[in-house]
Participant: 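Sending over a structure as structure tokens; questions will come in a sec.
Counting begins at 1 with the first residue of the sequence. Computed from a prediction, not measured in an experiment: that's the story for all the values here. Both ligands and their constituent atoms are indexed starting at 1 by order of listing. The figures here come from the full heavy-atom set of this structure, side chains too, leaving out hydrogens, waters and symmetry mates.
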Amino acid sequence: MKFGTKAIHAGVEPDPSSGAIMTPIFQTSTYVQKAPGDHKGYEYARTQNPTRDALQKSLAALENGRYGICYASGLAAMDAIVKMLKSGDEVIGTNDLYGGSYRLLTKCYGQFGIKSHFIDLTDPKKLEGYINKNTKLLWIETPTNPMLGIVDIKAICEIAKKHKILTVVDNTFASPYLQQPLDLGADIVMHSCTKYLGGHSDVVMGAVITRSKRIADKLYFIQNATGAVPGPQDCFLMLRGIKTLHLRVQRSSENAKAIAEFLLKEKKVSKVYYPGFKTHPNHKIAKKQMSHFGGMVSFDLKANTFAAAKKVLKGTKLFALAESLGGVESLIGHPASMTHASIPKEDRLKVGLTDSLIRLSVGIEDIEDLKADLAKALSKL
Ligand SMILES: *Cc1c(COP(=O)(O)O)cnc(C)c1O
């Protein structure tokens, strides 16, 4: 099955009790058994739920995986993965990681003896120098947030395999429509479904997808034992969102390309970060591992101050000032004070995350309106 067909059909069957074409919202906490142990595969809703099952199958299909497991949020999904480690193990992650992922690794797991190193994975050659016998997990984000760096998933996974290190790709920014990391050698794909998969800014959810039964069994155990499961209403909304994933991400990507080109010509803009540009340092890898360059664009201002950025951030009407990304509506954000405020300033500046950097999540509105909105905000500088 091709991607668009999978987005609509994978995992979902008409409901056998009624013929309902849409998977019902099974709003129940428990299931009746005929005799002890004699049941239909469902015992208690922390462990299994039919609405969640349909979604998990859909997600597994979209990522070309075998097992999908959903969580109450993207960070809960990450938390479950990190719980597979033990004290003394070490993690290597991308250096401009999503702020919440950085916080989880350093502030929550650092105190349990799990050490994390954050390095520039856009150059695979640097990786081997950081690997030691305790390195157990490699955490890749690509495109990175908010600098839109590109990590060569295949090259990194090959190095990790040599050292028996588990690789995880946080595929939130690309979505499975643009990039399928399991095909490139990753062991696990993680998603904040809150973003492109849901796509309508109305659900918080996370997911993990893998082909390995061993990993899936560990994660099922952790999901059941620690309980960060999503509710059936949210699973229903996620299934509904996924049905248009290919259309939405396609349009977002086309709009983002047009916005990036527009910003490049703007006199008040000093830099545009967009992996679709031939001048982007890892453009060739982006072209190889992604089918499009995605809906995210970051840019910096010639007036290199937070005050200038504030003017632009307050000046747009269609681009709403908000955290998050991947919805049908365009958003504008200020990483230094919003999503990445938990990262120390000197670490931020090292990767180019200045006080005047602005991040856009380009939605699926009409492009002329989006350009006009940004032009007006920039004219206030
Ligand atoms: C939002 C986000 C997360 C966290 O997901 P939540 O659903 O907000 O918990 C993790 N990684 C990336 C890249 C994100 O954008």
Participant: For residues 226-241, tabulate all N or O donor-acceptor pairs below 3.5 Å that involve a side-chain atom, not counting sequence neighbours.
Facilitator:
{"from": "Thr226", "atom 1": "OG1", "to": "Ile222", "atom 2": "O", "distance (Å)": "2.7"}

Participant: Would you say Asp347 and Phe118 make side-chain contact, with heavy atoms under 4.5 Å?
Facilitator: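 No, too far: nothing below the 4.5 Å cut-off.
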Participant: Answer whether the closest heavy-atom distance between the side chains of Lys371 and Ile367 falls below 4.5 Å.
Facilitator: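 Answer yes - side chains close enough.
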Participant: Write none if no such pair exists; otherwise list each N/O atom of ligand 1 with its protein N/O partner under 3.5 Å and the distance.
Facilitator:
{"from": "ligand 1", "atom 1": "5 (O)", "to": "Ser192", "atom 2": "OG", "distance (Å)": "3.0"}
{"from": "ligand 1", "atom 1": "7 (O)", "to": "Gly74", "atom 2": "N", "distance (Å)": "2.9"}
{"from": "ligand 1", "atom 1": "7 (O)", "to": "Ser192", "atom 2": "OG", "distance (Å)": "2.8"}
{"from": "ligand 1", "atom 1": "7 (O)", "to": "Thr194", "atom 2": "OG1", "distance (Å)": "2.7"}
{"from": "ligand 1", "atom 1": "9 (O)", "to": "Gly74", "atom 2": "N", "distance (Å)": "3.0"}
{"from": "ligand 1", "atom 1": "9 (O)", "to": "Leu75", "atom 2": "N", "distance (Å)": "2.9"}
{"from": "ligand 1", "atom 1": "11 (N)", "to": "Asp170", "atom 2": "OD2", "distance (Å)": "2.7"}
{"from": "ligand 1", "atom 1": "15 (O)", "to": "Lys195", "atom 2": "NZ", "distance (Å)": "2.7"}

Participant: Would you call the rings of His340 and Tyr98 parallel, tilted or perpendicular, taking 30° and 60° as the class edges?
Facilitator: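 Perpendicular.
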Participant: Less than 3.5 Å apart, which donor and acceptor atoms pair up between the side chains of residues 154-171 and the rest of the protein, not counting sequence neighbours?
Facilitator:
{"from": "Lys161", "atom 1": "NZ", "to": "Gly185", "atom 2": "O", "distance (Å)": "2.7"}
{"from": "Lys162", "atom 1": "NZ", "to": "Glu128", "atom 2": "OE2", "distance (Å)": "3.2"}
{"from": "His163", "atom 1": "NE2", "to": "Glu128", "atom 2": "OE2", "distance (Å)": "2.9"}
{"from": "Thr167", "atom 1": "OG1", "to": "Asp187", "atom 2": "N", "distance (Å)": "3.3"}
{"from": "Thr167", "atom 1": "OG1", "to": "Asp187", "atom 2": "OD2", "distance (Å)": "3.2"}
{"from": "Asp170", "atom 1": "OD1", "to": "Thr172", "atom 2": "N", "distance (Å)": "3.1"}
{"from": "Asp170", "atom 1": "OD1", "to": "Thr172", "atom 2": "OG1", "distance (Å)": "2.5"}
{"from": "Asn171", "atom 1": "OD1", "to": "Gln179", "atom 2": "NE2", "distance (Å)": "2.9"}
{"from": "Asn171", "atom 1": "ND2", "to": "Glu63", "atom 2": "OE2", "distance (Å)": "2.9"}
{"from": "Asn171", "atom 1": "ND2", "to": "Gln179", "atom 2": "O", "distance (Å)": "2.8"}

Participant: Please list, chain by chain and in numerical order, all residues satisfying side-chain hydrogen bond (donor to acceptor under 3.5 Å, both in side chains) with Arg103, sequence neighbours excluded.
Facilitator: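 Scan of Arg103 (side-chain hydrogen bond (donor to acceptor under 3.5 Å, both in side chains), adjacent residues dropped) gives none.
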